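A short worksheet on the structure shown next.
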Amino acid sequence: MERGATHDVIVLGAGAAGLMCAALAGQRGARVLVIDHAEAPGKKILISGGGRCNFTNLGATHDRYLSQNRHFARSALSRYTPADFLALVEKHGIAWHEKTLGQLFCDGSARQIVAMLLAECEAGGVQLALACPVREVAHGDGLFRVAHGERVAVARALVIATGGPAIPQMGATSFAYDLARQFGQKVVQPRPALVPLTLGPEEALFRELSGVAAPVEVRTSHPELGKAKFAEAALFTHRGLSGPAILQISSYWQRGQAVAVNFTPGRAEDWLTAAKRAHPRAQPRRILGEALPDRLVQALCERLDLSGEMGAITDKVLLTAARRMADWPFHPTGTEGFAKAEVTAGGIATDGLSSKTMAFKGVPGLYAIGEAVDVTGWLGGYNFQWAWASAHAAAVDI
Ligand code: FDA
């Protein structure tokens, strides 16, 4: 330990990334202090995955993350993989299962993941200072001084792991960005991601379907991030659209853009005309009801003017209806904001960070990890895998 330092490393934030980084650094011999303003660690882990924590995704490769530098996450993700985290989970005897699409959840409770991280911290001799608001961070003579509560902690390394502002009602803040700016680092405009979208009055018919869910394919195109497409469930809400497919596409959505919904994925363009030949006496509602939930069928039939027997509807009308159902444009008026966002997109700009170590390029000893950084994963365990992997990258460098 250097003269004047009370610790080797101070980690700001006792969330997923901070606890992981502290545990690994501690087990490698560093004297680590974790400071958090919350009274308990890992609060977001506790509410994650519906209380079961979707702790990783088997498909966590860099192309499933959004960032101004699409390759930034590659290095850290390749050196700490879902298999590495799974090995840790199994070492702690935590039962798990794959739900769908490579998403791994605890069989029991997200509390097990927090307990595991705390046990790993204990094994590394990590000190936790909870309910400690950080008053000031100063840097000089190669040391970081962190004034928290009534005390000042001093260390040669400082890790920013205070996450992003999603769910401020849980104590989430933009502190990481303020600190990064203090050290001359740029911040990519933070915005809510994995968030429900809102619809305006002209699409009110769909808002009346609140509670209806359907498997769909959604598409949008972002000027910088490019095209995105997801096939999962969508849910109509009293404010607009939600469900996994919509949360996924929301990360790529920009104000003014449309989101195209395919209500009949996998169906050929002529499926309605084929159904007409096979069932000329059937009502369109019965035919659509084979593919879609009843209330949605009713709304679509009204919008598409489909009524009477199938045999009496022209092929042209049926083809137009099939095409519209396969490419229904919604024009969201906005998102439900940080209050309902699962994560924050944007954050500390990656161009000032080393992708190998997560260290600030111009400030030796300073690191940023987890959601605070401009790396945002898809829905489904990707964000925790980024937290673990970026924490690992920093811990082995400290
Ligand atoms: P995280 O937010 O976990 O931790 C930051 C810590 O810093 C907190 O303890 C906070 O109190 C502290 N802090 C903030 N400001 C501070 C300040 N000024 N001073 C001191 N401390 C401060 N992801 C996933 O992969 N699978 C999932 O199942 C889910 N589920 C999910 C559900 C819900 C409802 C939400 C809101 C989010 C998820 N996520 C998720 C996302 C996941 O929770 C998120 O990406 C990680 O928790 C990010 O980890 P970090 O450690 O970077 O931030």
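Start at 1 and go down the list; that is how both ligands and their atoms are numbered. Here the structure is a predicted model, which is why all the values come from computation and not from measurement. Computation of the quantities below employed the complete heavy-atom set of this structure, encompassing side-chain atoms and omitting hydrogens, waters and symmetry-equivalent molecules.
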### Task
Mark yes or no for whether Asp327, through its side chain, and Arg324, through its backbone, hold a donor-acceptor pair below 3.5 Å.
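Here the side-chain-to-backbone pair does not exist.
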### Query
Are the side chain of Arg135 and the backbone N or O of Gly149 linked by a donor-acceptor pair below 3.5 Å?
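Yes; judged by distance alone, with no hydrogens or angles, the pair exists.
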What does the N/O contact table under 3.5 Å look like for ligand 1?
| residue | atom | partner | partner atom | Å |
| --- | --- | --- | --- | --- |
| ligand 1 | 9 (O) | Asp36 | OD2 | 2.5 |
| ligand 1 | 11 (O) | Asp36 | OD1 | 2.8 |
| ligand 1 | 11 (O) | Asp36 | OD2 | 3.4 |
| ligand 1 | 15 (N) | Thr173 | OG1 | 2.6 |
| ligand 1 | 21 (N) | His37 | N | 3.3 |
| ligand 1 | 25 (O) | Asn383 | N | 3.4 |
| ligand 1 | 25 (O) | Phe384 | N | 2.8 |
| ligand 1 | 26 (N) | Asn54 | O | 2.9 |
| ligand 1 | 28 (O) | Gly49 | N | 3.1 |
| ligand 1 | 28 (O) | Asn54 | N | 3.2 |
| ligand 1 | 30 (N) | Gly49 | N | 3.4 |
| ligand 1 | 45 (O) | Glu371 | OE1 | 3.0 |
| ligand 1 | 51 (O) | Ala16 | N | 3.1 |
| ligand 1 | 51 (O) | Ala17 | N | 2.8 |
| ligand 1 | 52 (O) | Glu371 | N | 2.8 |

Minimum side-chain heavy-atom gap [X]-[Y] below 4.5 Å:
X: Pro284; Y: Leu318; answer: no
X: Val114; Y: Leu46; answer: yes
X: Met325; Y: Arg267; answer: no

### Query
Salt-bridged, Arg28 to Asp397, with N to O below 4.0 Å?
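Salt bridge flag = no for Asp397 with Arg28.
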